[in-house]
Amino acid sequence: LHMWERMGVFRTEPEGKPALRDINLFWEVLHMDVFRTDRIRNVVLLGHGGAGKTTLAEAMAYLSGITNRLGKVSDGNTISDFDKEEIKRKFSISTSMIPIVWGKNKINVLDTPGFFDFVGEAQEAACAADAAVIVVSGKAGVQVGTQKAWDLCEKYNLPRMIFVTDMDIDNVSYRQVVEQLTELYGKRIAPLHMPIRENEKFVGYINIVKNKGRRYIDKDKKEECEIPEYSKEYLEKYRETLMESVAETSEEFMDRYFGGEEFSVAEISAALATNVGDGSLVPVCMGSPINLQGVSNLLDDICGYFPSPAERPCAGLNTATNEIFQANYNFQKSKSATIFKTIVDPFIGKYSLIKVCSGVIKSDDILYNVEQESEEKLNKLYVLEGSKPIEVPELHAGDIGAIAKLGDAKTGDSLATKAAPIRYGKPEVSVPYTAKRYKPKNKGDVDKISQAFQKMMQEDLTMKVVNDSANHQTLIYGMGDQHIDIIVSKLQERYKVELELSKPKVAFRETIRKKSDVEAKYKKQSGGHGQYGHVKMRFEPSGNLDEAYEFSQEVVGGAVPKNYFPAVEKGLQDAVESGPLAAYPVVGVKAVLYDGSYHPVDSSEMAFKTAAKMAFKKGFMEASPVLLEPIVSLKVIVEDKYTGDVMGDLNKRRGRVLGMNPDHGGKTVIEADVPELEIYGYSTSLRSMTGGSGEFSYEFARYEQAPSDVQQKEIEARASKVANDEE
């Protein structure tokens, strides 16, 4: 009743009895299933790993009445960190959703991981959100993850607020955090609250909008108090920033501001909502979620200042008419939705998390998957409360929910009606560049591992599994070493299969630098028909490293009959698959058959094929053979202060820096050619050098001759493989 009273469902009569104030609101709160678009707020929690996002989400859930106990990350009992890996490691790995009813609104809180290895989760959630709360630890201040969260908001044009946590810790300087933020993002930063401290303890706050002090008397309960003298200087400064922002919303306000008039609280709040909605103002709030302090203020501000989906643009393509469909989260338009995340769990099953873009989706609807071109009957609709699915009869435009067991549906698919098949853009997630080679510990688990990986890749778009047939290896790609470790751990925990990880093999190639002229004779007598094939061949570089070989013949007078030419080429074809130098594939060789001889009875295709292979091995080794290593074009984006360290590291990796250019975000883009052999472990090194702020990508460029020491090492390491091939 206390919770419902705070939400406005009940009022308390003078004699202490509760009286129903709003039957419709009571029904909404009770069933949590018929929230209209204007009453929905989709909010993503972003920030550096360990800043306190999950603790804040837990405090929100507790204050809204979802739970009757406040879970802790350290105890492994929070709503949003429910996966066994998250409980074991004590940090978020996946995005989870907590739908919170606050007043007349439903806030869909998307709690994302802050660690860089799980950036794909944050990117998916940001794609579905309409606003963001960037969580900053008051103790640690603005970190790399804070800036990455800001950049993500800029990319998706998300209105945002900053919430400074850990205010209960002694000596935490809120003012310092505000100054750091202002230095980075300028006059957009506008604090809404200031802390009140006594004997360095956090005891209350000043509401800058209302210009009043509040003292905590028990956890989140508070009473009005005097504004301390020491706060007035900064209060004046912060309030001035707010008033300027309010004045800029209209000419009338500007005149009043210059005339020295005060704005009312209602006018300030309305102007703030406008400025927050268009991103020209970023409010800063603070508190201590672990003590429930400041969290109810934040929830009020989310409802008051953040836009509902109805105020956000949303457009797709009608694939039947090729016209743009302005969905704009209008519940009166044709039904459509987008799948922004997939959960595939052996225990809770497969859920497709959807955001409804238009119309009202009901549990008995038949929806058309525009990508898969298939229809599905829904049966049931859910909202997910962490890992707990709660059945709902319908979801209005702008709301977020889940559909269970939705056939072949994947993240990024669009759902609509067959009459109006609307396709929306897919979430853009980072490309994984950290690779490790894997082998099953038990050879009989190959199929189980393959099936498990298929399910895991549906969940995690930043994970990739590649069968590298050229090097006879299977590779797993992730965003970093920790990401790959957790994939392996999940595989063992969920699917009961184990992997062994190792360094990937690099795809060297073999070629020749000079010419050679050889002959080879294959002669075998073993009773009955024998074998006889005799070829004379020239070998030289073809100049084309994209093709293994070029074959031509200049035989005159029928020394080798025409019908054996294909056999000679087949011998070459087999020989170039594993070169005689280090058993790597051969490229860039030109082979010319110019003479030979044959036996009318004993010659055969097999004999000429074998003779050609013998000639190739001999001719290749006499033509100055060399190993070629793959070179990648590497692009590194770093802050200017790290360029020296990054360049030095690239030199150690035998890299050639091709250029340094400023990018639009005030960073430097370093472009370099680096041997692929030296890229292994680069993700960890770059994070270490740049505090996690550096980003890199690369793609294969070409093959180049490897240095003699690298060649020697590879040839020695693969001597046994060459010997086996010869056998």
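What you see is a predicted model, and the numbers here were worked out from it, not measured in a lab.
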Next on the checklist: To check you understand the geometry: which heavy-atom pair defines the closest contact between Asp301 and Met161, and what is its length?
Outcome noted: O-CE, 3.4 Å

Item to check | CG-CG distance between Leu406 and Leu353, expressed to the nearest 0.5 angstrom | outcome: 11.5 Å

Next on the checklist: Keeping Lys418 on the side-chain end and Glu373 on the backbone end, is there a donor-acceptor pair under 3.5 Å?
Outcome noted: no

Counting only pairs under 3.5 Å, give me each side-chain donor-acceptor contact of residues 304-320, with atom names and distances, residues two or more places apart or in other chains.
from	atom 1	to	atom 2	distance (Å)
Ser308	OG	Ala310	N	3.3
Ser308	OG	Glu311	OE2	3.4
Glu311	OE2	Ser308	N	3.0
Arg312	NH1	Asn157	O	2.8
Arg312	NH2	Tyr156	O	3.4
Arg312	NH2	Asn157	O	3.4
Asn318	OD1	Ala320	N	2.9
Asn318	OD1	Thr321	N	3.3
Thr319	OG1	Pro421	O	3.1

Checklist entry - So which heavy atom on Gly412 is nearest to which on Pro427, and how close? => result CA-CD, 3.8 Å

Next on the checklist: Treating Glu459 as the side-chain partner and Val344 as the backbone partner, does any N or O pair qualify as donor plus acceptor under 3.5 Å?
Outcome noted: yes

Checklist entry - For Lys455, does the NZ atom sit with more than 12 other heavy atoms under 6.0 Å from it, leaving out its own atoms? => result no

Next on the checklist: So that I can tick it off, tell me whether Lys341 and Glu121 are bridged by a salt bridge, with the cut-off set at under 4.0 angstrom between side-chain N and carboxylate O.
Outcome noted: yes

Next on the checklist: In the structure I gave you, are the side-chain heavy atoms of Met60 and Ile302 within less than 4.5 Å of one another anywhere?
Outcome noted: yes

Checklist entry - So do the side chains of Arg687 and Asp117 get within less than 4.5 Å of each other, counting heavy atoms only? => result yes

Next on the checklist: Could you tell me if Ser469 and Asn467 have a donor-acceptor pair between their side chains, going purely by distance under 3.5 Å?
Outcome noted: no

Next on the checklist: To the closest 0.5 Å, what do you measure between OH (Tyr433) and CZ (Phe696)?
Outcome noted: 8.5 Å

Item to check | Evaluation steps, side chain to side chain contact (heavy atoms under 4.5 Å, CB included), between Ile134 and Cys153 | outcome: CA-CA 9 Å; Ile134 300 176; Cys153 292; 4.1 Å; yes

Checklist entry - In this structure, are over 12 heavy atoms from other groups packed under 6.0 Å from Lys635 atom NZ? => result no

Item to check | Worked verdict on Phe325 versus Cys357 for side chain to side chain contact (heavy atoms under 4.5 Å, CB included) | outcome: CA-CA 11 Å; Phe325 177 76; Cys357 300; over 6 Å; no

Checklist outcome for this item: Here the pair of heavy atoms bringing Thr434 nearest to Ser683 is OG1-CB, 3.3 Å

Next on the checklist: For the residue pair Thr274 / Thr249, report whether a side-chain donor-acceptor contact shorter than 3.5 Å exists.
Outcome noted: no

Acceptor/donor pairs from residues 361-368 side chains to any protein atom, 3.5 angstrom cut, sequence neighbours excluded:
from	atom 1	to	atom 2	distance (Å)
Asp365	OD2	Lys335	NZ	3.1
Asp365	OD2	Lys362	N	2.7

Next on the checklist: Minimum heavy-atom separation for Pro99 and Ile66, please, with both atom names.
Outcome noted: O-CD1, 3.2 Å

Checklist entry - Are side-chain heavy atoms of Asp111 and Ile79 found at a separation under 4.5 Å? => result no

Checklist outcome for this item: Distance col, row Tyr495:OH vs Ile449:CD1, nearest 0.5 angstrom, shows 12.5 Å

Checklist outcome for this item: One should read off an interatomic distance between Ile40 CD1 and Tyr329 OH, to the nearest 0.5 angstrom, of 11.0 Å

Item to check | From Thr462 atom OG1 to Gln123 atom CD, the distance as rounded to the nearest 0.5 Å | outcome: 8.0 Å

Next on the checklist: When you compare the side chain of His396 with that of Arg39, does any pair of heavy atoms fall below 4.5 Å?
Outcome noted: no

Item to check | Close side-chain approach of Ile679 and Tyr698, heavy atoms under 4.5 Å | outcome: yes

Checklist entry - Parallel, tilted or perpendicular: which describes the rings of Phe116 and His48, with under 30° parallel and over 60° perpendicular? => result perpendicular

Item to check | Test side chain to side chain contact (heavy atoms under 4.5 Å, CB included) applied to Ile162 and Thr146, step by step | outcome: CA-CA 9 Å; Ile162 312 278; Thr146 314; 5.5 Å; no

Checklist entry - Checking Glu371 side chain against Ser414 main chain: does a donor-acceptor pair fall under 3.5 Å? => result yes

Item to check | Exercise: identify the closest heavy-atom pair between Val383 and Ile400 | outcome: CG1-O, 3.8 Å

Next on the checklist: Within the supplied structure, the quantity of interest is the number of heavy atoms (other residues, nucleotides, ligands) at a distance under 6.0 Å from Gln147 CD; does it exceed 12?
Outcome noted: yes

Checklist entry - Side chains of Ser374 and Asn369: donor-acceptor distance under 3.5 Å anywhere? => result no

Checklist entry - Heavy atoms, side chains only, cut-off 4.5 Å: are Ile422 and Ser334 in contact? => result no

Checklist entry - Is any side-chain heavy atom of Met254 less than 4.5 Å from a side-chain heavy atom of Glu248? => result yes

Checklist entry - Is the backbone of Ser280 close enough, under 3.5 Å, to the side chain of Asp278 for a donor and an acceptor to pair up by distance? => result yes

Next on the checklist: Closer than 4.0 angstrom, basic N to acidic O: yes or no for Lys187 and Glu244?
Outcome noted: yes

Checklist entry - Ignoring hydrogens and geometry, is there a side-chain-to-backbone donor-acceptor pair from Thr78 to Glu58 under 3.5 Å? => result no

Checklist entry - Where do Asp300 and Trp102 land on the side chain to side chain contact (heavy atoms under 4.5 Å, CB included) test, with the steps shown first? => result CA-CA 8 Å; Asp300 289 341; Trp102 192 255; 2.7 Å; yes

Checklist entry - In Å and rounded to the nearest 0.5 Å, what is the OG1 to CE distance from Thr112 to Met97? => result 14.5 Å

Checklist entry - What is the minimum heavy-atom distance between Met660 and Thr668, and which atoms define it? => result CE-CG2, 4.0 Å

Checklist entry - Does Asn297 use its side chain to pair, donor to acceptor, with the backbone of Cys285 at less than 3.5 Å? => result no

Item to check | Single hit among Ile390, Val356, Ile403 for side chain to side chain contact (heavy atoms under 4.5 Å, CB included) with Leu381 | outcome: Ile403

Checklist entry - With side chains defined as the heavy atoms from C-beta onward, is the minimum distance between Glu394 and Asp399 less than 4.5 Å? => result no

Checklist entry - Can you tell me if Lys464 uses its side chain to pair, donor with acceptor, with the backbone of Val431 under 3.5 Å? => result no

Item to check | Ring-face cation of Lys355 near Tyr424 (centre distance under 6.0 Å, axis angle within 45°) | outcome: no

Checklist entry - So does Glu154 pair up with Arg188, basic N to acidic O under 4.0 Å? => result yes

